[in-house]
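Contents: one structure, followed by commentary.
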Amino acid sequence: MKALSLAAFVLLAACHPAAEAPKQITLTSQSITLPVETATLPAEILSVNCAACHSPEMILSQPKLKPEQWQAEVTKMRGAYKASIDEKDDAKIIAALLALPNQK
Amino acid sequence: MIKRVDRRTALAIGAGALASTPLWAQLAKTVGPALTDAFPDKRGMILQRTRAPLLETPIDAFDGALSDSPFTPNDRFFVRWHYDDIPLSVDVAAFRLQVGGAVKRTLSLSLADIQALPHVEIAAVNQCSGNSRGLFGPRVPGAQWGNGAMGNALWTGVRLRDLLDRAGVAPGAAQVRFSGLDNPPGAAPDFAKALNLDRAMAEDTIVAYGMNGVQLPLLNGFPLRLIVPGWFSTYWVKALDTIDVLRAPDTGYWMEKAYRIPAAPRASVVPGSKDFPTVPIGRMIPRAFFTRADAKAVRGVALGGDAGVAKVDWSIDAGKSWHAAQLGPDHGTYSFRRWAATLPAGEHVVAVRTTNAKGETQWPDPVWNPGGYMRNSIETAKVTVA
């Protein structure tokens, strides 16, 4: 009986190692510096209107989009995200987007 | 450059004529972008965008034998911020989490206050709503993620409901809204997400201060991050500093306009469709991924979505017959589960699929929606076994 209890205890101990109690996680203040952007856009009208809110890779990595899809993106940036893009520039912006290397 | 698998190619699995160039094989040839070590506390990441940071985990960072840890190292864990004004410095003594809105008493909690509460640990996959968007056909705009906008971690924190109970949720509360230390540019809408009260009060919804046993990297949401196991990452608000209990559903941009999926089955519509009914994205669905497929090993990781991985099956005859893969140790309902397949000798195109504990599984034909969300079609790989 005693041996059995001991065996049971050993088994339990094996299943529930002391390490089960999670260790306390220490929180310490953090500061980071982000890397400098390297990608550039080939047209000034894109740098001025698009790169204020995000770096150029976002545009340069897009799949080939139709003019109306690019227009929808510009409209979304102006409407939903309140980007200061003058509607009068839309045609020039779309033309510059369609001329990007990733859009060929 | 990641090539897409078009609809016809993927459909061919079900039709019996298998894809000629499997996606994974293309990815494996390291045709993708060079990896970057330039971001603090990160290494070997695929750079999708410098500002606001979008960093993808290369698929081989998930690879391992069945018995290996299924957790993604913090320094390889994917990063996704919406706006460029993100917290670059957080003072742990000064930080406060505010709990307010429809509550009996507002709270302003220090990190010490939070760490003094009972803590819980939960293993859970954090997957971006747009994971695999770059593989959609026809292609859709947005971050062109491959399969690496996901990661699995052991999260340590306190139950959200313990915080809400301390504040006392007022009668008539409908939702709980969350936002963090990041700020929108100009008049853009602040990033905030809301959960229905029942999901917020669920016992596995936690406010985490630990990720794989240590504090979170700033890029992953230090000092606090909301963890909603089984649901897409859009709800896992980073650098969480504000919790608001709402009496009516949140009508903000990030719930009403963004991160919405078709209400149709599998969140799929005919490519090019517009003006279909939508719902906010929510729970995840099963997926299996290859992390390696060569003469020595065919293996990967699986996730069950909002239910555990029940089984992972592989097929080398275009889905006519399926065979059980071996599974690694179970780390809980919401964790990655490792899988491995032992294939007969020969040249194969191997397909792999997960079935979760609710019986949900994966299908060969890919879904399509304009946001590039909810992809979970069956992945294939070309392999020669000697």
Side-chain angles (χ1 to χ4, degrees), chain A residues 15 19-41 47 49-85 94 97-98 100-104, chain B residues 1 4 33 36 38-41 47-54 82-84 86-95 111-112 114-115 119-121 134 136 138-144 154 156-157 184-189 209-211 213-219 222-223 253 257-258 370:
Chain A
C15 293
E20 190 162 276
K23 64 171 183 175
Q24 185 65 34
I25 289 169
T26 305
L27 303 182
T28 54
S29 298
Q30 293 193 62
S31 289
I32 55 172
T33 306
L34 294 177
V36 175
E37 293 170 40
T38 52
T40 55
L41 291 162
S47 316
N49 284 285
C50 308
C53 295
H54 58 76
S55 57
E57 302 95 336
M58 194 65 197
I59 296 170
L60 298 171
S61 65
Q62 292 306 304
K64 190 168 161 55
L65 300 178
K66 299 182 184 117
E68 58 267 31
Q69 289 177 296
W70 278 121
Q71 180 63 62
E73 292 299 311
V74 172
T75 302
K76 181 171 78 175
M77 296 306 158
R78 180 166 50 228
Y81 299 108
K82 315 301 177 193
S84 55
I85 303 172
I94 305 303
L97 288 166
L98 291 167
L100 290 172
N102 57 314
Q103 298 298 308
K104 301 292 182 192
Chain B
M1 165 102 189
R4 69 188 167 85
T36 178
F39 286 77
D41 304 316
L47 178 66
Q48 291 284 358
R49 185 177 70 192
T50 306
R51 174 176 58 90
L54 298 180
H82 297 88
Y83 293 138
D84 68 356
I86 66 174
L88 299 177
S89 182
V90 172
D91 177 345
V92 294
F95 178 87
L111 292 168
I114 291 165
Q115 286 198 287
H119 66 264
V120 292
E121 284 188 328
F136 267 60
R139 301 280 298 266
V140 293
Q144 299 297 302
L154 183 65
T156 306
Y209 51 79
M211 177 177 177
V214 295
Q215 65 184 10
L216 284 80
L218 267 168
L219 288 175
F222 178 81
Y253 171 78
K257 303 284 185 205

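With a 4.5 Å cut-off on non-hydrogen atoms, A:Q30 touches chain B through its backbone and its side chain both. Neither the backbone nor the side chain of B:P184 comes within contact range of chain A, judged by heavy atoms closer than 4.5 Å. Heavy-atom distances place the side chain of B:Y253, and not its backbone, under 4.5 Å from chain A. Residue A:A52 touches chain B through its backbone alone, counting heavy-atom pairs closer than 4.5 Å. Neither the backbone nor the side chain of A:T38 comes within less than 4.5 Å of any heavy atom of chain B. Heavy-atom distances place the side chain of B:L54, and not its backbone, under 4.5 Å from chain A. B:F95 does not touch chain A: none of its heavy atoms, backbone or side chain, sits under 4.5 Å away.
The shortest non-hydrogen separation linking B:P141 to A:Q69 is CD-NE2, 4.3 Å. Closest approach of A:I25 and B:Q115 over heavy atoms only: O-NE2, 2.7 Å. Residues A:T28 and B:V92 share a closest heavy-atom pair of C-CG1, 3.6 Å.
Between chain A and the residues B:V90, B:I86, B:D84, B:T36, the most heavy-atom pairs under 4.5 angstrom are made by B:V90. Per-residue counts of heavy-atom pairs under 4.5 Å with chain A were compared for B:G142, B:A93, B:P217; the largest is that of B:G142.
Put simply, the side chain of A:S55 gets close to the backbone of B:R51: a donor and an acceptor are under 3.5 Å apart. Panel note: side chain B:R139, backbone A:L65; no donor-acceptor pair is recorded below 3.5 Å. A donor-acceptor contact shorter than 3.5 Å is absent between the side chain of B:Q144 and the backbone of A:P63.
Rounded to the nearest 0.5 Å, atoms CZ (B:F39) and CD1 (A:I32) are 9.5 Å apart. One distance of note links CZ of B:R49 with CG of A:L60; it measures 12.5 Å at 0.5 Å rounding.
Side-chain contact, A:E57 with B:T50: a donor N or O sits under 3.5 Å from an acceptor N or O.
Interface residues of residues 73-82 of chain A toward chain B, defined by a heavy-atom distance below 4.5 Å and sorted by number: A:E73, A:K76, A:A80, A:Y81, A:K82.
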